[in-house]
Each structure stands twice: as C-alpha cells, then as structure tokens.
Amino acid sequence: MPSTVTGVIQDLERVLLTPEEIGVRVGEMAARLNAELAGRVVTVVALMDGGLFFVADLLRKLEMPVRLHTLSASSYQGGTATTGEVKVNWPAGLNLHGQDVLLLDDILDTGLTLGAISERILEQEPATLHTCVLLSKRRPRLREVRLHDAGFEIDDEFVVGYGMDFRGCFRNLPCIGILNLDPAS
C-alpha cells in the first residue's frame with residue numbers, strides 16, 4: 001500500500017509513461033487536430049479532474065480559437081474499479097448545437113463515462129464531435145465509444161499520475177505509473 005506520505009514516485013510499482021513520452025504524443029495529437037480542425041472555432045468539453053494535465057497541455061498546442069467547458073464526471077467514486085454508475089455535473093445552459101465539439105478525457109476504460117457524455121452531446125446536434133483520450137485501456141467495454149484519437153493504448157491496469165489519482169493523491173506526478181497496492185512492499 002502507498003506510504004503514509006502519498007503521492008510520490010516511490011509509491012509506484014513502475015513508471016508506465018515518462019513525461020517525455022507523454023509530451024511527444026500530446027504534441028502529435030495536437031498536430032493532427034490542428035490539421036483537421038483548421039479554420040474552425042472549436043468548443044472543447046473537457047472531463048475533470050483526471051484530464052487536467054492532458055487538457056492543459058493539448059490546448060496550449062492548438063492553433064484555432066477554442067471555447068472551453070469543463071465537466072466533472074466519474075464512475076469510480078474513490079476506488080480502483082468502476083461502480084457502474086456515472087455521475088456527471090452538466091453545466092446549466094450548455095448548448096452545443098451546431099458547434100464543432102472536441103471531447104477530451106484522460107482515459108477510456110469501460111466506456112460508461114465517455115458514452116454517457118457523448119450521447120448527451122450528440123442529443124444537442126453538434127456540427128461535429130471529435131473524442132480524444134490520452135489513454136485507452138485494452139479491455140472489453142461495457143459501452144462502445146467512437147474515438148477520434150487515443151494517445152496510448154495500455155493494459156487494463158489502474159494508473160495514476162499526470163492528473164489521474166487514487167483517493168485524491170498522485171495527480172501531481174509528471175509521469176503515468178502503476179500504483180504499488182501490495183501492503184508487503
């Protein structure tokens with residue numbers, strides 16, 4: 001189990017992605033979006049809190065006008081596995097009709113959260129919807145989600161760092177790693 005001083009690299013079993021690897025891939029994702037969405041005003045819907053670092057890094061590399069809306073959504077509620085229930089804090093008055101929407105999230109796991117958000121966005125009839133995630137887990141989905149881009153495909157492991165947390169800790173790590181949950185370590 002993590003030490004009593006949580007949120008440090010020593011609490012990781014291993015580093016999965018270094019800050020350099022993440023930076024290069026986020027740059028590649030931004031270049032693709034810049035080419036595909038050139039000349040448009042893009043409305044970004046970003047899922048927080050886990051996507052904070054990814055969203056900030058990606059948006060700084062986009063070369064088109066951007067409107068930003070953040071949503072709070074979760075199906076984990078503090079654990080390492082989904083509860084199956086998606087909780088979404090949808091802003092009052094958010095109207096995406098006719099807009100080019102870019103939906104950003106940290107990770108595609110079961111598909112429940114992104115599926116629920118995508119469905120809600122599509123109900124508002126946007127002009128386009130691009131969905132990008134930093135991480136996509138190799139696992140069966142409980143709900144299929146159409147992705148425009150995924151930064152990395154990873155095994156079905158619980159990850160922390162670069163915005164992603166375990167019980168509120170580890171978000172500040174510059175890398176993405178696998179948390180050591182073994183109490184004997």
Undergrad: What pair of heavy atoms forms the shortest contact from Gly111 to Val145, and how long is it?
TA: O-CG2, 3.5 Å
Undergrad: Would you give the length of the straight line joining atom CG of Asp165 to atom CZ of Phe170, rounded to the nearest 0.5 angstrom?
TA: 9.5 Å
Undergrad: For the hydrophobic clusters of this structure (ILVMFWY residues joined by side-chain heavy atoms under 4.5 Å, transitively), does one cluster hold both Phe166 and Ile9?
TA: yes
Undergrad: Does any N or O in the side chain of Arg139 come within less than 3.5 Å of the main-chain N or O of Thr110, such that one atom is a donor and the other an acceptor?
TA: no
Undergrad: When you look at Val55 and Thr70, which way does the side chain to side chain contact (heavy atoms under 4.5 Å, CB included) test go after all the steps?
TA: CA-CA 10 Å; Val55 170; Thr70 60; over 6 Å; no
Undergrad: Indicate the ring-plane relationship of Tyr162 and Phe53, choosing parallel, tilted or perpendicular according to the 30° and 60° boundaries.
TA: tilted
Undergrad: What is the distance from atom CD of Gln99 to atom CD of Glu125, rounded to the nearest 0.5 Å?
TA: 13.0 Å
Undergrad: Any chance CZ of Arg143 has more than 12 other-residue heavy atoms, nucleotides or ligands included, within less than 6.0 Å?
TA: yes
Undergrad: I'd like to know whether Ile176 forms a side chain to side chain contact (heavy atoms under 4.5 Å, CB included) with Leu134, so could you lay out the CA-CA distance, the side-chain angles of the two residues, the decisive distance to 0.1 Å, and finally the verdict.
TA: CA-CA 11 Å; Ile176 295 173; Leu134 180 63; 3.7 Å; yes
Undergrad: What's the separation between atom CD1 in Ile22 and atom CG in Leu17, rounded to the nearest 0.5 Å?
TA: 5.5 Å
Undergrad: Determine whether Val66 and Leu102 make a side-chain contact, defined as any pair of heavy atoms from C-beta on separated by less than 4.5 Å.
TA: no
Undergrad: Can you tell me how far OG of Ser136 sits from CG of Asp105, rounded to the nearest 0.5 angstrom?
TA: 11.0 Å
Undergrad: State, yes or no, whether a side-chain contact exists between Arg141 and Leu108 at a heavy-atom distance under 4.5 Å.
TA: yes
Undergrad: Got a second to check how far Met29's CE is from Leu62's CG, nearest 0.5 Å?
TA: 10.5 Å
Undergrad: Check whether Asn89 reaches the backbone of Ser72 with its side chain - one donor and one acceptor, N or O, closer than 3.5 Å.
TA: no
Undergrad: Drop me the distance from Arg25's CZ to Phe54's CZ, to the nearest 0.5 angstrom.
TA: 9.0 Å
Undergrad: Sort out for me which residue in Ile121, Leu122, Thr131, Thr128 forms a side chain to side chain contact (heavy atoms under 4.5 Å, CB included) with Val101.
TA: Ile121
Undergrad: Within the distance-only criterion (no hydrogens, no angle test), does the side chain of Gln124 pair as donor or acceptor with the backbone N or O of Leu94 below 3.5 angstrom?
TA: yes
Undergrad: Under a 4.5 Å cut-off applied to non-hydrogen side-chain atoms, are Asp106 and Leu47 in contact?
TA: no
Undergrad: With side chain to side chain contact (heavy atoms under 4.5 Å, CB included) as the criterion, how do Asp11 and Asn180 come out once you've worked through the C-alpha distance, each side chain's angles and the decisive distance to 0.1 Å?
TA: CA-CA 6 Å; Asp11 288 332; Asn180 184 1; 5.9 Å; no
Undergrad: Tell me the closest heavy-atom pair linking Gly23 and Lys61, and the distance in Å.
TA: O-CE, 4.4 Å
Undergrad: Any salt bridge (charged side-chain N to carboxylate O under 4.0 Å, His left out) pairs touching residues 32-50, not counting sequence neighbours?
TA: Arg32-Glu36, Arg32-Asp149, Arg40-Asp100
Undergrad: Same cluster or not: are Val24 and Leu173 linked, directly or through other Ile, Leu, Val, Met, Phe, Trp or Tyr residues, by side-chain heavy atoms under 4.5 angstrom apart?
TA: no
Undergrad: Taking the side chain as every heavy atom from C-beta outward, state whether Leu12 and Val160 have any pair of such atoms under 4.5 Å apart.
TA: yes
Undergrad: Using only atom types and a distance under 3.5 Å, with no angle test, would you say the side chain of Asn95 pairs donor to acceptor with the backbone of His97?
TA: yes
Undergrad: With a 4.5 Å cut-off on side-chain heavy atoms, are Leu52 and Arg171 touching?
TA: no
Undergrad: Kindly indicate whether the side chain of Leu59, heavy atoms from C-beta on, has any atom under 4.5 Å from the side chain of Leu68.
TA: yes
Undergrad: Taking the side chain as C-beta and beyond, is there a heavy-atom pair between Thr18 and Cys175 under 4.5 Å?
TA: no
Undergrad: Taking it one step at a time, do Asp155 and Leu16 satisfy side chain to side chain contact (heavy atoms under 4.5 Å, CB included)?
TA: CA-CA 10 Å; Asp155 290 333; Leu16 189 63; over 6 Å; no
Undergrad: Looking at Arg120 and Glu123, is there a salt bridge between them, counting it only when a charged N and a carboxylate O are closer than 4.0 Å?
TA: no
Undergrad: Looking only at non-hydrogen atoms, find the nearest pair between Met64 and Leu33 and report the distance.
TA: CE-O, 3.7 Å
